[in-house]
Amino acid sequence: MTELYDFDTAIDRRGTWCIQWDGVADRFGVDGLLPFTISDMDFATAPEVLAALRDRLDHGVFGYTTWQQDDFRSAVAHWYATRYGTEIDTGQLVYGPSVLNQLSQLLQMWTGQGDGVVVHTPTYDGFRKAITGLGRELRGVPVGDEEALVRELARPDAKVLVLCSPHNPTGRVWTAAELTRMAELAERYGVAVVSDEIHADFVHEGYVHVPWTRVAGEGRWALITSGSKAFNFPALTGSYGLIGAPADRAEFLRRMETAEGLASPAVLSLTAHIAAYREGGPWLDAVRAYVAGNLGHVAERLSADLPELGWEPPQAGYLAWIDLRAAGVDDAELQRVLVERERVAIMGGAVYGAPGFVRLNVGCPRAKVERGVEALIRAVKAVTSSPSGV
């Protein structure tokens, strides 16, 4: 399948206002680094999406637009039916400019100042910013620690569980049994669930994503997602969600259309979503297989040069979450060597509340992955063989 598409040829993204390439100095303090950072890919989106966008551009008129039309709703339903074997109620659909914007609106609907919001740790930094920025209290529970999850959900002021499914940054795919248990606990303790499923389309072979709609009980819940992650068009903006309770759905739409003034979505985002969900499946299968090969290369190199890490590829996504604690790495020194000597930008785990880890984005041509993993190996060896990395 991958032979039908060219993922090896690098596309120069510099000078395109790209956060990963042009904005690297904002986070690392130095320009010109080879970046493996923010979670978008260096690949052009699916040819079918590009063709649909060109057709829409050729129309030439870009007036106010509605997402509440059958082309969009049926495309989403088609995707869930064909990808996940799940029938969704398109009457539950809502729309927003981004997944994090949707999360912010839901937190404002379902929580008040100082209320507890439960998340799994390590935690995507966007969640941390949204929760604490609204004056809510972020309460972390380690991935897989059910005892801690029960303890935090049972607290009287715990109002929302923000679930990342699959989990970012670890790439964990929750099983149906795990999700069912979370739904039961949330309902028992009266905690609403917001399930961010933007990484769902990138689940790797051998694992199965279960949409929250399949396990949701009678409690409050929302599933929020977008095709932008899998098909690599976040710059077009646009996301959608499913909200269970009619009253909550109506309140969400009221906020978006009145308080937020976001009644008209970006038409190119709608166009891209429809094309991706109707025609983009083969491209997605191919890019996911290519990324799986990238992750396999990372595993091979780390096994050969840093076997003490015992690293294995994630179950989903194109983000290699690498635990370096067994190597005894000093985070600050590692970052110094990566930036100053290796000239690469790799996200440190402290960003996600997990010192001792790094997050390496491998959604890129294989040659770039090779440069990144070799730089990481050299840097780890440098800082563990000499306190100053020299």
Side-chain angles (χ1 to χ4, degrees), residues 8 10 12-14 18-42 121-125 142-143 168-171 290-314 317-390:
D8 286 318
D12 188 358
R13 301 180 68 190
R14 291 168 292 189
C18 166
I19 291 177
Q20 181 165 190
W21 288 82
D22 296 330
V24 70
D26 294 339
R27 187 182 289 269
F28 292 86
V30 180
D31 275 323
L33 304 180
L34 185 66
F36 299 86
T37 54
I38 193 169
S39 59
D40 65 10
M41 296 186 286
D42 288 334
T121 57
T123 305
Y124 166 49
D125 56 322
V143 168
N168 175 19
T170 67
Y290 186 89
V291 165
N294 284 350
L295 291 166
H297 176 78
V298 172
E300 180 181 333
R301 293 299 299 117
L302 292 180
S303 176
D305 280 77
L306 298 170
E308 66 272 25
L309 302 184
W311 188 79
E312 296 182 358
Y318 50 80
L319 305 170
W321 181 246
I322 303 171
D323 184 352
L324 299 175
R325 291 174 297 177
V329 171
D330 177 84
D331 285 18
E333 187 59 21
L334 177 66
Q335 285 296 322
R336 187 189 69 79
V337 173
L338 287 170
V339 170
E340 295 180 6
R341 181 190 295 185
E342 298 296 339
R343 304 291 296 172
V344 298
I346 299 173
M347 299 294 280
V351 172
Y352 315 98
F357 289 75
V358 293
R359 196 188 80 168
L360 179 75
N361 181 345
V362 301
C364 56
R366 185 70 46 81
K368 183 186 173 190
V369 175
E370 291 169 353
R371 289 178 63 187
V373 72
E374 296 304 325
L376 178 62
I377 290 169
R378 286 192 299 267
V380 170
K381 289 186 173 182
V383 300
T384 53
S385 63
S386 169
S388 62
V390 298

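All figures in this text were calculated on a predicted structure; none of them were measured in a lab. These numbers come from the heavy atoms of this one structure, side chains and all, not from hydrogens, waters or symmetry mates.
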A.B. asks: Do Tyr318 and Asn361 have side-chain heavy atoms sitting under 4.5 Å apart?
C.D. replies: yes
A.B. asks: Between Arg359 and Asp125, does at least one N-O distance fall below 4.0 Å, as a salt bridge requires?
C.D. replies: no
A.B. asks: Residues in side-chain hydrogen bond (donor to acceptor under 3.5 Å, both in side chains) with Glu374, at least two apart?
C.D. replies: Arg301
A.B. asks: Do the side chains of Pro169 and Leu319 get nearer than 4.5 Å, heavy atoms only?
C.D. replies: no
A.B. asks: Scan the side chains in residues 23-34 for donor-acceptor partners under 3.5 Å anywhere in the protein, sequence neighbours excluded, and list what turns up.
C.D. replies:
none

A.B. asks: Evaluate Arg371 against Val344 for side chain to side chain contact (heavy atoms under 4.5 Å, CB included), listing each step before the verdict.
C.D. replies: CA-CA 9 Å; Arg371 289 178 63 187; Val344 298; over 6 Å; no
A.B. asks: Just wondering, are more than 12 heavy atoms of other shown residues or ligands nearer than 6.0 Å to CD in Glu308?
C.D. replies: yes
A.B. asks: Would you call Asp40 and Gln20 a side-chain contact if the rule is heavy atoms closer than 4.5 Å?
C.D. replies: yes
A.B. asks: Can you confirm whether Leu324 sits close enough to Leu309 that some side-chain heavy atom of one is under 4.5 Å from a side-chain heavy atom of the other?
C.D. replies: yes
A.B. asks: With side chains defined as the heavy atoms from C-beta onward, is the minimum distance between Val358 and Met347 less than 4.5 Å?
C.D. replies: no
A.B. asks: Under 4.5 Å between any side-chain heavy atoms of Trp311 and Val298, yes or no?
C.D. replies: yes
A.B. asks: How long is the span from the CG atom in Leu360 to the CG atom in Leu295, to the nearest 0.5 Å?
C.D. replies: 9.0 Å
A.B. asks: Describe, in one word, how the ring planes of Trp321 and Phe357 are oriented to each other, choosing from parallel (under 30°), tilted (30 to 60°) and perpendicular (over 60°).
C.D. replies: parallel
